[in-house]
Amino acid sequence: MAQISLTFPDGNVRSYPAGTTSAEVAASIAPGLAKKAISATVDGRHFDLQWPLDADAAIRINTMADEAAALELIRHDLAHIMARAVQEIWPEVKVTIGPVIQNGWYYDFDRKEPFTPEDLGAIEKRMKEIINRRDPVTTELWDRERAIRYYEANNEPYKVELVQAIPADQSIRMYWHGHWQDLCRGPHLQNTGQVPADAFKLMSVAGAYWRGDSTKPMLQRIYGLAFKNRDDLKAHLTMIEEAAKRDHRKLGREMELFHLQEEAPGMVFWHPNGWSIWRALEDYMRRRLRGAGYKEIRTPQVVDRILWEKSGHWDNYRENMFIVEVDEEGAKEKRINALKPMNCPCHVQVYNQGLKSYRDLPLRLAEFGSCHRYESSGSMHGLMRVRGFTQDDAHIFCTEDQIEAECAGFIALLSSVYRDLGFETFDIKLSTRPEVRIGTDADWDRTEGALKGAIEHLGLPYQINPGDGAFYGPKLDFKLTDAIGREWQCGTFQVDAQLPDRLGAEYIGEDGAKHRPYMLHRAILGSFERFIGILIENYAGKMPFWLAPRQVVVASIVSDADAYVEEITAALRARGIRAEADTRNEKINYKVREHSVGKVPVLLAIGQKEVAERTVSVRRLGDTRTETLALDDYLAAAVSEATPPDLR
RNA sequence: GCCGGAUUAGCACAGUGGUAGUGCAGCGGUUUUGUAAACCGAAGGUCGGGGGUUCGAAUCCCUCAUCCGGCACCA
């Protein structure tokens, strides 16, 4: 019999007959390992202990201590156990697919009636019973026809469809958890009892389209969370509660930042506090852009459809545009306009005014561009996805040779802005040429190369998303990580060889001939609405001093202090600090509580003592200690603290 | 847009066919207070909109809108 060589993590190489299973390999090393083994990693792939090894490979035997492997198996086995529990309770339910996802798994079922919360309780109970049965997990390879016949006989049409989608020459991996069977790539644990019965929880039920396709039937999806022990599950549930506490929709109401209402779905009514954050952010961005050589412009909201036809948006995105018509008796002309869904075509119009020379390039045109898109009703979410939004948009018109330097300059600006706003880390993703595209391979080689060159020159790590670029050029996406580890895609940098062509942008080159410029679409925040939502959640409403809507509240302890309170408030305001006086007839305890709940970073408490000594008692949000400072010293400190990070 | 849930006072919520409630906020008063909720009082509602069933609807049915959790979508 042929022999294969297996290389172990410690560098040892041992020889086994071909077809040996990982379980046998583990047993050959030590009985203890055989007992603890749950799976193997073979040349980087996750292997079931029952699968035969038939070629030389690097192998590692995994145990429950190997967290990634253990979690994948636990979650995947739970998906099967849940599907089995569902079919035990409701035999008529059809099974489909159930993958492992972050923190757990889901499984999609076809069932006429949706599952109720009570159903979830019953399923969870049955799952625990199945775990306690300690049923063995077994696997076999079947040929395709046999698998199809089997699923047809069992009246599982979705499984038939899945098998039919697998290439004809491939054999089909079948798994059994006890008597219950499922089509599955594997790997799995060895028996259901290995799954911790107290470290999972069924979370929710939701509709989901079969194969993620909105033209296909809607299935019932059940989501579950699973970890390797009860404490991890509890910790995760606590994290979910913490995340709910920083929900920007809740904080937006509590801090009186903004509201949304029925008459304008997806459009934000900004209140004084929220607008104050916006303006601080906008002023900051304006300074940064000006410093980076951008020129700010402003373009119309309502533009004739003719421009959208030229740009191509009318054909491709009309159903997502707000159409504006003039409905006036006897109007001489009836034009059809649209609210601009993006700024790019308007920016090209500004570029096109006057003949441009190569000496004008790169030309960086920036706009805090207000855009409207008719987003589908189910997609809106607080400030995160809205129908009316303002981008920190800019377009750089440049030559091909300038792309790399512009890209590098952009990334440097973006990373500095993110750091100033409290985000230390971000990921870069490079999306390269898609199947359907314009331009030659040589064009793509150069533009992709320019983006890569810029990132590598800055020494930053990045991932490549092959084929995910727009048809008109490659792009970079920038994803930042917030205080509780969530990722948000905000920044973008896209190379566009198409729109300048469609809209006739040109420049006169050194050679005296006309050339097409490249157009680079770029944003750092993405949209103000969404970014402010992210800031609120990142800081849990406790905005840094320079961004806080109300920076200082000056609160009287006795009414004899009112005059001094007003004097301090006026002095702060004269120095540009957003300060308010609170001379209401309330106890200081009450005021401290109210302004703490309101997330005001600094409270100055003023009583008899402060009046007599011309001092202030400073209490910072989240700190129970207080500090007494001379008024002038505090004023100087406040001015310094209120200075935006780019002006320090 | 699709599946499910929700919509009651400014906010958070109770109220399953028979006189719309509680807490906080707001308002009027008392209290002059030392770092996370002083006390008393009087108010406040077309129960999301429209239609239906019923002697009678916040409650049951239909419909529309919005929101929430997902799915799909996101130039």
Side-chain angles (χ1 to χ4, degrees), chain A residues 106 108 110-117 119 203-223 244 247 249-250 253-254 256 259-266 308 311-321 340-345 371 373-382 384-387 389 391 470-472 475 489 492 494 496 498-499 521 526-527 530 555-562 583-598 603-610 617-628:
Chain A
Y106 67 75
D108 287 346
D110 185 12
R111 179 182 188 233
K112 279 201 191 66
E113 307 76 30
F115 294 101
T116 64
D119 291 341
M203 293 303 287
S204 59
V205 52
Y209 296 109
W210 168 233
R211 313 209 102 182
D213 183 340
S214 59
T215 64
K216 297 216 159 87
M218 182 148 279
L219 307 171
Q220 302 298 328
R221 175 173 298 178
I222 301 177
Y223 285 93
D247 188 310
R249 293 166 299 188
K250 177 169 145 26
R253 191 169 45 242
E254 289 172 2
E256 297 177 74
H259 86 271
L260 295 150
Q261 68 183 48
E262 236 178 87
E263 289 80 358
W308 307 115
S311 70
H313 293 103
W314 190 263
D315 280 345
N316 293 312
Y317 298 104
R318 192 186 347 169
E319 69 279 14
N320 290 315
M321 288 165 72
K340 71 174 168 188
M342 54 184 355
N343 305 298
C344 344
C371 296
R373 296 180 189 174
Y374 186 74
E375 302 288 1
S376 64
S377 57
S379 66
M380 285 173 309
H381 180 91
M384 300 306 191
R385 183 94 177 262
V386 287
R387 285 181 174 163
F389 56 95
Q391 297 174 316
F471 73 92
Y472 51 74
K475 67 170 178 178
Q489 200 238 295
T492 181
Q494 293 189 34
D496 184 355
Q498 192 219 195
L499 199 61
H521 307 254
S527 92
R530 182 161 173 275
S556 59
I557 297 171
V558 292
S559 48
D560 286 348
D562 288 359
T583 54
R584 289 174 305 168
N585 177 13
E586 297 289 353
K587 291 199 166 197
I588 192 63
N589 291 15
Y590 180 91
K591 295 182 184 180
V592 165
R593 180 184 149 77
E594 187 173 283
H595 300 304
S596 298
V597 169
L603 181 84
L604 303 181
I606 308 299
Q608 307 276 14
K609 192 161 94 42
E610 287 75 18
S617 166
V618 184
R619 185 193 163 109
R620 295 187 164 272
L621 182 58
D623 196 344
T624 52
R625 292 167 306 176
T626 60
E627 186 188 9
T628 301

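Note: hydrogens, waters and symmetry copies are ignored here, and every other heavy atom, side chains too, is used.
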Are there any protein N/O atoms within less than 3.5 Å of an N/O atom in nucleotides 65-68 of chain B, and if so, which ones and at what distance?
residue	atom	partner	partner atom	Å
B:A65	O2'	A:Glu262	OE1	3.3
B:C68	OP1	A:Arg249	NH1	3.0

Quick test: give all pairs of protein nitrogen or oxygen and nucleotides 4-8 of chain B nitrogen or oxygen below 3.5 Å, distance rounded to 0.1 Å.
none

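When heavy atoms are screened at a 4.0 angstrom cut-off, A:Arg619 is found touching base atoms of the nucleic acid. At a threshold of 4.0 angstrom between heavy atoms, the contacts of A:Arg385 include nucleobase atoms, whether or not backbone atoms are also involved. Contact annotation for A:Asn316: no contact, since no heavy-atom pair falls under 4.0 Å across all strands. Within the 4.0 angstrom heavy-atom criterion, no nucleotide atom of any strand lies near A:Gly312. Among the protein residues, A:Glu610 comes within range of the nucleic acid bases, having at least one heavy atom under 4.0 Å from a base atom. Residue contacts shown for A:Tyr590 are limited to sugar-phosphate atoms, with no base heavy atom under 4.0 Å away. Contact annotation for A:Met218: base contact, defined as any heavy-atom pair under 4.0 Å involving a base atom. At a threshold of 4.0 angstrom between heavy atoms, the contacts of A:Ser617 include nucleobase atoms, whether or not backbone atoms are also involved. Using a 4.0 Å heavy-atom cutoff across all strands shown, A:Lys591 reaches no nucleic acid atom at all.
When the salt bridge (charged side-chain N to carboxylate O under 4.0 Å, His left out) test is applied to A:Arg387, no partner is found at least two apart in sequence or on another chain.
With rounding to whole Å, A:Glu586 atom CD is found 15 Å from B:G34 atom C1'. Computed from coordinates, the A:His595 NE2 to B:A37 C1' distance equals 13 Å when rounded to whole Å. Atom CD1 of A:Ile588 and atom C1' of B:U32 are 12 Å apart (whole Å). Rounded to a whole Å, the CG atom of A:Asp108 is 15 Å from the P atom of B:G70.
A:Trp308 and A:His313 have perpendicular rings, their planes meeting at more than 60° on a 0 to 90° scale where under 30° would count as parallel.
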